[in-house]
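Throughout, a chain's letter reflects where its sequence line sits, starting with A, and its residues are numbered from 1.
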Amino acid sequence: MIAHAKNFFYKTLREDPKDAEAVSHKLLIRSSMIKQIASGIYAFLPLGHRVLKKIETIVREEMDGIGGQEMTMSIMMPAEMWKKTGRWDIYGDDMLKLKDRKEQDFCLGPTHEEQVTTLAGQVISSYKQLPLLVYQIQTKFRDEPRPRFGLIRLREFVMKDGYSFHDNEESLHETYMEVLKAYQRILGRMDLSFSVVAADPGQIGGNLSHEFIVPAKVGESTVFKCDKCGYVATSEVATSVAPALDTLEKPDQAKLHTPNSSSIDDVSQVLSLPKSRIVKAVMVIGDSKPYMILVRGDRNVDESKMNRRFSEWRMMTDEEITNMGLVPGFVGPKAHIEGLTILKDKSLDNVDWGVVGANEKDYHIVGVSLGDIPYDEIVDVGAVVEGDACPNCGGPLSSFTGLEVGHIFRLGTRYSEPLEAFYHDANGERKPFIMGCYGIGVTRLVSAIIEQHHDDNGIVWPWVVAPFHVVLIPIGTVQSSLDELSDSLVKAGLDVFVDDRDERPGVKFVDADLVGFPVRIVVNAKNTDQVEIKFRKTGEVVRVSRNEVVKTILDEAKNL
RNA sequence: CGGGGCGUAGCGCAGUUUGGUUAGCGCGCUUGCCUUGGGAGCAAGAGGUCGGCGGUUCGAAUCCGCCCGCCCCGACCA
């Protein structure tokens, strides 16, 4: 494939766009890969389009490699199937709903479990046809409240979503692991460093999931890991052992005056005690019932963990707290509060004594043995913090931020049951499919790759996803040798971009670096027998005779 | 949805506080000359509903009101 700059649909920018913050966003705009159409919605110009297609090809090859069957589902779909699974309401405003001319309800698919499950129910009728793995690479729409960072958080984006169907858990597990390995190969081929981490299935459902996280500054996911034993988990599911407190003699239990000290910080200061000695009491309404959640004072309740514990929850208002006979800001545990359930977070496990609210304005009680505090259940809803001990080996946990580029789930029968997607088993009984689902954010990968592969001058595309492998820059009149050279490169299967613009060499060099072609070839009229080859990644420059060019590049390609 | 910022030529910005010629600058674009190994130079040009609507005024990019869009932090989020 060959393209010529003179009539190529692109225009590089000298200055950073003012609306861009992330490096990948700035470079995508400046190199003219994408143009914004609306918030979270972009057009892919030819350069960006070519990158996207190359990423898709890698994904497709690896999915086909484990027996995945590619298909294309519809983007727009009727409300009915979403109402059956309950997600017509659960998904909320993130799902773009619309009506057709007959006033029928439709939505633009934010994901495709409903559709693929419906289809499977219609097409698959026997256990003999299982297991089955299908996938598509297709545009999704989610009306995100806050799109950001160019292609990182979009409203309209391309995703590879795959779904598997099984008649038993072992089969699901097998496919799940095969997809996991395929994902590792996909990201590895794109030269991304990444972590596979235990994660929160969120509203997709299921009991276990893994995220594929590419470490990046602009990452929205926080991951905790243990260097000692290899434990990794997102902040949403990470557990830890809170480090032990400094030994401190327990004072006699006493009610102390703590005027205007309703926050942990205030109490800690007034009593000259570490925040970890204070028992935080968080009052919530969970699934319509009141709960008091006790957490160690130096940490917070994690919302994702709460979302898994309760299907619906919110903080109590001050009025509701007062109505329970408690005092907002000075809430503490006490026995026998009608209808109240007390949950004790495990972060309090190794606290021997502490401070609790006195349930009286401006008073706290010190010297309370944790053993004396009443509770109904021990729970894990506390947010992990860096420095906590690894739940497996006790080693210290550290954290990093990254981009979630893939997520795989075991769904079980979450969708097949409500959609009545059944097969017949060996005994002739109708059973719902056991399902898995597997996503990769294709558009997000474009950004992830740039976040990991760039320098001060621009993008440094890995060979396999570069929009073009080679940029050819002529200096002076070299038409015949240029044609000959580009011919041989194209015949060797390379994608060649000829910068034949009527520009000075400096302009072309700067653009070549910005756009990020892995290889730059300069042909100078002063000496057409030899050409200069420069590798973007290493900056290495070699001069070779024209007939050695293809070989030189192909030899080096595996390192690019 | 809460907080903050921005909206003037394709891009980046000045002008708005204190209303007043024909709304400027850099880059980019067009034409010519010149130049050709890291964003050259000279000359002549083209390009604007000043985000939108309404109001105040002799007069509005500038003051007032309403609305829209975009970005950042948070909430939210496979």
Using the [atom1] atom in both, what is the distance from [N] to [M], to the nearest Å?
{"N": "B:G15", "M": "B:A9", "atom1": "P", "result": "15 Å"}
{"N": "B:A40", "M": "B:A46", "atom1": "P", "result": "25 Å"}
{"N": "B:C73", "M": "B:G26", "atom1": "C1'", "result": "32 Å"}
{"N": "B:G51", "M": "B:G37", "atom1": "P", "result": "44 Å"}
{"N": "B:G2", "M": "B:C76", "atom1": "P", "result": "15 Å"}
{"N": "B:G12", "M": "B:G39", "atom1": "C1'", "result": "15 Å"}
{"N": "B:G7", "M": "B:A61", "atom1": "P", "result": "16 Å"}
{"N": "B:U62", "M": "B:G54", "atom1": "P", "result": "14 Å"}

Taking the side chain of [X] as heavy atoms from C-beta outward, which of [options] is closest to it?
{"X": "A:Arg30", "options": "B:G39, B:C11, B:G38", "result": "B:G39"}
{"X": "A:Ser39", "options": "B:A40, B:G37, B:C71", "result": "B:C71"}
{"X": "A:Glu503", "options": "B:G26, B:C77, B:C29", "result": "B:C29"}
{"X": "A:Asn524", "options": "B:G38, B:G37, B:U35", "result": "B:G37"}
{"X": "A:Arg146", "options": "B:C72, B:C29, B:G39", "result": "B:C72"}
{"X": "A:Arg148", "options": "B:C72, B:G39, B:G7", "result": "B:C72"}
{"X": "A:Glu303", "options": "B:G12, B:G39, B:C76", "result": "B:C76"}
{"X": "A:Pro505", "options": "B:A78, B:U36, B:G12", "result": "B:U36"}
{"X": "A:Glu21", "options": "B:C72, B:C76, B:G28", "result": "B:C72"}
{"X": "A:Lys18", "options": "B:C6, B:C77, B:A78", "result": "B:C6"}

Paired with [N] by Watson-Crick or G-U wobble geometry, both distances under 3.5 Å: which nucleotide is it?
{"N": "B:C50", "value": "none"}
{"N": "B:A43", "value": "B:U31"}
{"N": "B:C76", "value": "none"}
{"N": "B:G7", "value": "B:C68"}
{"N": "B:C25", "value": "B:G12"}
{"N": "B:U57", "value": "none"}

Atom pair distance, as rounded to whole Å: [atom1] in [X] and [atom2] in [N]:
{"X": "A:Ile152", "N": "B:A78", "atom1": "CD1", "atom2": "P", "value": "18 Å"}
{"X": "A:Tyr135", "N": "B:A78", "atom1": "OH", "atom2": "C1'", "value": "20 Å"}
{"X": "A:Leu13", "N": "B:C13", "atom1": "CG", "atom2": "C1'", "value": "14 Å"}
{"X": "A:Asp499", "N": "B:G38", "atom1": "CG", "atom2": "P", "value": "15 Å"}
{"X": "A:Asp16", "N": "B:C71", "atom1": "CG", "atom2": "P", "value": "16 Å"}
{"X": "A:Ile41", "N": "B:G69", "atom1": "CD1", "atom2": "C1'", "value": "13 Å"}
{"X": "A:Arg504", "N": "B:U35", "atom1": "CZ", "atom2": "P", "value": "11 Å"}
{"X": "A:Lys26", "N": "B:C72", "atom1": "NZ", "atom2": "P", "value": "11 Å"}

How is [X] classified with respect to the nucleic acid when contacts are heavy atoms under 4.0 Å: base, sugar-phosphate, or nothing?
{"X": "A:Lys534", "result": "base"}
{"X": "A:Arg444", "result": "nothing"}
{"X": "A:Tyr438", "result": "nothing"}
{"X": "A:Lys508", "result": "nothing"}
{"X": "A:Asp161", "result": "nothing"}
{"X": "A:Glu404", "result": "sugar-phosphate"}

Just N and O in the side chain of [X]: are any of them under 4.0 Å from OP1 or OP2 of [N]?
{"X": "A:Arg14", "N": "B:G28", "result": "yes"}
{"X": "A:Arg142", "N": "B:C76", "result": "no"}
{"X": "A:Gln36", "N": "B:C71", "result": "yes"}

- Query: Do the non-hydrogen side-chain atoms of A:Phe310 and A:Val381 ever get within less than 4.5 Å of each other?
  - Reply: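 Heavy-atom side-chain distance check fails, nothing below 4.5 Å.
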- Under 4.5 Å between any side-chain heavy atoms of A:Asp105 and A:Lys83, yes or no?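 When only atoms from C-beta onward are counted, A:Lys83 and A:Asp105 do touch, with a gap below 4.5 Å.
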- Item | Residue whose closest nucleotide on RNA chain B lies nearer the 5' end, A:Leu514 versus A:Glu236 | A:Leu514
- Task: Using the closest heavy atom to pick a nucleotide of RNA chain B for each, name whichever of A:Gly40 or A:Glu220 lands nearer the 5' end.
- Result: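 Nearer the 5' end of the strand: A:Gly40.
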- Is there a donor-acceptor contact under 3.5 Å linking the side chains of A:Tyr135 and A:Asp64? yes
- Task: Consider only side-chain N and O atoms of A:Tyr163 and A:His112, and report whether a donor and an acceptor are under 3.5 Å apart.
- Result: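 A:Tyr163 vs A:His112: no donor-acceptor pair found between side chains.
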- Message: I'd like to know if A:Glu113 pairs up with A:Arg414 as an ion pair, taking the criterion as any Lys NZ or Arg NE/NH1/NH2 lying under 4.0 Å from an Asp or Glu carboxylate oxygen.
- Response: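 No.
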- Message: Around atom NZ of A:Lys97, are there more than 12 heavy atoms from other residues, nucleotides or ligands closer than 6.0 Å?
- Response: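 Check passes, neighbour count above 12.
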- Query: Taking the six-membered ring where the residue is Trp, are the ring centres of A:Tyr438 and A:Tyr183 under 6.0 Å apart?
  - Reply: no
- Message: Looking at A:Phe157, I'd like to know if the NZ or CZ of A:Arg444 sits under 6.0 Å from its six-membered ring centre while staying within 45 degrees of the ring's axis.
- Response: no
- Message: Can you tell me how the ring of A:Phe8 sits relative to the ring of A:Tyr10, calling it parallel under 30°, perpendicular over 60° and tilted otherwise?
- Response: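 Rings of A:Phe8 and A:Tyr10: perpendicular, as their planes differ by over 60°.
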